[in-house]
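Since the structure comes first, as structure tokens, the remarks are kept for the end.
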Amino acid sequence: MGSEAGVKPLPSPPALGWIRDKATSNWWLVVDEELVGYWPSSLFKSMADHADYIQWGGQVQNLAPGGSHTSTQMGSGHFPNEGIRKAAFFDKCVYFYADDIVGMTPYNSKTKVSKPGRYDVSDVSQLKGTPGVQFFYGGLGGPNCS
């Protein structure tokens with residue numbers, strides 16, 4: 001497949017996932033099918049054998065005492081409506097149930113933006129021809145946006 005004149009094709013992002021080891025109940029981070037590290041099951045007592053919900057997204061937070069909102073950008077610093085090559089995005093978000101090897105498309109997807117005008121998220125859209133959903137997110141941040 002060709003590309004527009006002077007525009008390089010986007011590289012494929014790494015495939016990320018989490019799996020629970022049935023023997024230890026530890027949750028492993030998987031990147032491109034390689035086990036990278038794990039979180040001990042003791043950290044996730046409510047997820048002994050399953051998760052009740054899944055979240056994807058971004059967060060900017062200032063925990064300093066008396067701290068105000070930071071000027072930190074989210075994602076690439078571009079808003080979702082700027083789309084591909086500008087805005088940050090999640091693509092092919094799926095979940096696996098029990099021993100399934102094919103990802104399932106999430107349902108009842110909801111979005112939440114706590115600082116509209118500084119950050120935003122696109123509607124979640126279902127992919128065509130493959131399991132999963134995608135969405136764009138990000139923003140400039142900025143002071144005084146409480």
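The basis for the numbers below is simple: all heavy atoms, side chains too, and nothing from hydrogens, waters or symmetry mates.
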Measure across Ala88 and Gly75 and return the closest heavy-atom pair with its distance rounded to 0.1 Å. CB-CA, 3.8 Å

Using the rule given for side chain to side chain contact (heavy atoms under 4.5 Å, CB included), can you reason through Gln134 versus Val124, listing the C-alpha separation, both sets of side-chain angles and the distance that settles it, and then say yes or no? CA-CA 6 Å; Gln134 65 181 4; Val124 175; over 6 Å; no

Taking all atoms of both residues into account, what is the closest heavy-atom pair of Val133 and Gln126, and its distance? CG1-CA, 4.2 Å

With heavy-atom distances below 4.5 Å as the criterion, would you say the side chains of Pro106 and Trp56 are in contact? yes

For Asp123, I'd like to know if atom CG has over 12 heavy atoms of other residues, nucleotides or ligands within 6.0 Å. no

Is it the case that one hydrophobic cluster holds both Tyr119 and Leu140, taking links as side-chain heavy atoms less than 4.5 Å apart, direct or via other members? no

Return the minimal non-hydrogen interatomic distance between Pro80 and Gly138, and the atom names on each side. CD-O, 3.9 Å

Can you tell me how far apart CG (Asp91) and OG (Ser125) are? Round to the nearest 0.5 Å. 8.5 Å

Working to the nearest 0.5 angstrom, can you tell me the gap between Phe136 CZ and Asn81 CG? 10.5 Å

Which value, rounded to the nearest 0.5 Å, describes the distance between Arg20 atom CZ and Tyr38 atom OH? 15.0 Å

Met104 and Val94: CA distance, side-chain angles, deciding distance, side chain to side chain contact (heavy atoms under 4.5 Å, CB included) verdict: CA-CA 5 Å; Met104 309 277 288; Val94 297; 5.8 Å; no

For the pair Glu34 (side chain) and Val31 (backbone), establish whether a donor and an acceptor sit closer than 3.5 Å, ignoring hydrogens and angles. no

So, for Ser25 and Ser41, which heavy atoms are closest and what is the spacing to 0.1 Å? O-CB, 3.1 Å

Indicate if Val121 and Met74 have the same hydrophobic cluster label, given that clusters are the connected sets of ILVMFWY residues with side-chain heavy-atom separations under 4.5 angstrom. yes

Approximate separation, where rounding is to 0.5 Å, of Lys112 NZ and Gln55 CD: 9.0 Å

Classify the ring geometry of Phe135 against Phe90: parallel below 30°, tilted from 30° to 60°, perpendicular beyond 60°. parallel

Return the CG to CH2 distance between Asn26 and Trp28, rounded to the nearest 0.5 Å. 7.5 Å

Membership question, hydrophobic clusters at under 4.5 Å side-chain separation (ILVMFWY): are Leu43 and Leu29 in the same one? yes

